[in-house]
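Taking it in order: structure first as structure tokens, then the write-up.
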Amino acid sequence: MTIHIYNTLSKKKEIFEPVNPGKVGIYLCGPTVYKEAHIGHMVGPVIFDSICRYFRYNGFEVTWVVNITDVDDKLIGQSRERGIPMSQVATEMTMDYCANLLSMGVDQITHMPKATEHIDEIICFIRDLVEKGFAYDTAGDVFFDVGRNTEYGKLSNRRPDEQQGEGGGAASKKRAAGDFALWKSAKPEEPSWQSPWGPGRPGWHIECSAMSHRILGRTFDIHGGGLDLVFPHHENELAQSECCHGEAMAKYWMHNGLMRAAAAGKVGGRSDRQAPADQASEETSGQKISRSKGAGGLHELIAQQGGERIRFFLLRTHYRSTIVFDNEGLEETGAALEKFYGFFERYERITGQRFYLEVDGEETRQLIRQRQEGEIEVSQPGLLSEIKSLRDSFLGKMDDDFNSGGAVSDLFQMLSTLNKFADEKHLDISTERVDDDLADFSRAVETLRELSAILGLFLKPPAKAVAGDNDELLDQAMQLLIEMRAEARKNKDFATADRVRDGLTAIGVTLEDRSEGTNWKAD
RNA sequence: GGCGCCGUGGCCAAGUGGCUAAGGCGGCGGAUUGCAAAUCCGCUAUCCCCGGUUCGAAUCCGGGCGGCGCCUCCA
């Protein structure tokens, strides 16, 4: 059981060896909280949430940091536009972001530091860099001197002198076009903090260097983020931290693929300012999703589709590849998920046990079982040996750079195996089933639960779209209908029986006649 | 222009040197059912093209075609 990780720095898969035995420190670049999040912002958190669960499952003590950038130009812009303080914009959007994370089942994060709460550390960090000669100040602005860093460009594989110039006003103060701001002097009426270089605010990259250092130390295990952050953000962080400390910032750099929209408008808002609808959809099809292009509506999307569906959708593709987002794909995922939900209901009917653990947050963390505890002892071929080999396959795929997409297929195979077993052994019929089979079945389901929990799936019952799941009155009415229909069927009055069922189908209620009675569900 | 990624069945998607190329969605056929639903079984792939390396390539190398990302804010 060795975990391999694809490292952007070396461009290879490497064997994971923690900096400190038994511990893992992860820093994931979080959002700039100036606007509501869009679906693309969820890719990293969801995959890292599963990675985090997987490390914990393997016995590691994990510290997972996701930072909140709550000061920058865009926040200042929003604050002006809306006529409220920047801190209020940040607070609102941070709460929004966290709510989205929770509804996607992302609850493994241990720290969410804010840039504005670490100004002192940031200033110290910059002062250090200036003293060591890696940074210079020009009338209130402090820049990192890329030319002094011989290794600059090693993460994104580019040389500073080959870059196209940045241009722009601030560039004139820089010694070289590739130099970037560590500290920006305050313009009138901008939020600012006192510093040795005068009032101002931190540049974009420095907060991550300062906060990761503060929480995770000089060299930590994994630094993650979207592929679009490799340059300049991570390259600059790396340069700052390694120049300041003289040692590696992170051992493994992981970058998730970006999400693209299948067509204009579908993601929620790529507005039709591009004129003819057909044209626009042709032209923007396959474009990267981003807030500057108007993507949004994550709340609506989650409300509509359910967080688990979106999470599952994201995990079915390898984290490093591009995911094309469209509603059809999501609907398909929904159909696939239904197979699981249907089986869990079957499990509950058969065993009388609740499938869902119904816990979240801290409790989930306590509940993550250890890899060794889940080992299955088998002496002969049969259900458990099949489940065991599927489990081995699942874990093998997760060990190989967190191949959740491949791992999910083992979950599906496990599902088929279990359904087949229940069919063959007549587990649905209480008078025909055998205790030994039931015991094996339960043991096997336990494994399915163990593995799906690694992916953060099936911890809670799916949210029903139709209110009334808990509506006693509705349930009683349904029972009455079902009883009357049962009587009709008994009397071979199928016309009446079908009238009831078809009528219910028409209003979105499905009846399922089973060996031990009929049950219903609303879609 | 510089750096990089991708192209697997109708659609989505694992696999990156060697058993009959996972899995999902959809479709078709069958078992089951009074008929359905659910479930199970079966069927549905010249792995973009050309050339090379190799006993053997979807997988490695070269060339082409097509799609995309970064180089400016971006998860």
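We name chains A, B, ... by the order of the sequence lines, and we start the count at 1 in each one.
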List the residues meeting side-chain contact (heavy atoms from CB on, under 4.5 Å) with A:Thr351, not counting sequence neighbours, and say none if there are none. A:Tyr347, A:Gln353, A:Phe441, A:Ser442
Could you encode protein contacts along nucleotides 35-45 of chain B as a string, one character per nucleotide from 5' to 3', using B for base contact, S for sugar-phosphate-only contact and - for no contact, with a heavy-atom cut-off of under 4.0 Å? BBBSBSS----
Polar atom pairs between nucleotides 17-20 of chain B and protein, under 3.5 Å, N or O only, would you list them?
none

Aromatic ring pairing A:His205/A:Phe180, orientation class (parallel under 30°, perpendicular over 60°, tilted between): perpendicular
For B:G4 and A:Asn157 - does any side-chain N or O of the residue sit under 4.0 Å from the phosphate oxygens OP1/OP2? yes
Using atom types as modelled, flag every donor-acceptor pair under 3.5 Å from a side chain in residues 419-427 of chain A to any protein atom, sequence neighbours excluded.
residue: A:Asn419; atom: OD1; partner: A:Arg346; partner atom: NH1; Å: 2.8
residue: A:Asp423; atom: OD1; partner: A:Arg346; partner atom: NH1; Å: 3.3
residue: A:Asp423; atom: OD1; partner: A:Arg346; partner atom: NH2; Å: 2.6

Let me spell it out: for each of A:Asp228 and A:Lys492, pick the nucleotide of RNA chain B with the closest heavy atom. Which residue's pick is nearer the 5' end? A:Lys492
How would you list, by chain and number, every residue that makes a salt bridge (charged side-chain N to carboxylate O under 4.0 Å, His left out) with A:Glu151, sequence neighbours excluded? A:Lys154
Using the P atom in both, what is the distance from B:G27 to B:A22, to the nearest Å? 22 Å
Test of understanding: with side-chain contact (heavy atoms from CB on, under 4.5 Å), list the residues that count as partners of A:Ala444, not counting sequence neighbours. A:Leu383, A:Leu384, A:Ile387, A:Leu418
Mind checking the C1' distance from B:G63 to B:C25? Whole angstroms is fine. 37 Å
For A:Arg320 and for A:Gly44, find the nucleotide of RNA chain B with the closest heavy atom, then tell me which residue's nucleotide is more 5'. A:Arg320
Gap in Å between the two C1' atoms, one belonging to B:C28 and one to B:G17, rounded: 36 Å
Not counting sequence neighbours, list each pair that qualifies as a salt bridge (charged side-chain N to carboxylate O under 4.0 Å, His left out) and has a residue in residues 395-417 of chain A. A:Lys13-A:Asp400, A:Arg320-A:Asp401, A:Arg371-A:Asp399, A:Lys397-A:Asp410
May A:Phe494 be described as stacking on the base of B:G34, applying a 5.5 Å centroid limit and a 30° limit on plane angle? yes
Mind checking ring-ring contact (aromatic ring centres under 6.0 Å, His included) for A:Phe340 and listing every partner two or more places apart, or none if nothing turns up? A:Phe412, A:Phe458
P spacing across the pair B:A58 / B:G7, given as an integer number of angstrom: 15 Å
Parallel, tilted or perpendicular, as decided by the 30° and 60° cut-offs, for the rings of A:His41 and A:His38: tilted
Produce the list of close N/O pairs, under 3.5 Å, pairing protein atoms with atoms of nucleotides 11-13 of chain B; give distances to one decimal.
none

Nearest-angstrom distance, C1' atom, B:C11 to B:U44: 13 Å
Only counting residues at least two apart or in another chain, list the ones meeting ring-ring contact (aromatic ring centres under 6.0 Å, His included) with A:Tyr356. A:Phe344
Which residues pass the ring-ring contact (aromatic ring centres under 6.0 Å, His included) test with A:Phe494, not counting sequence neighbours? none
Residue pairs passing the side chain to side chain donor-acceptor pair (under 3.5 Å) test where at least one lies in residues 497-509 of chain A, sequence neighbours excluded: none
Distance check, P atoms only: B:C60 and B:C5, in whole angstrom units. 11 Å
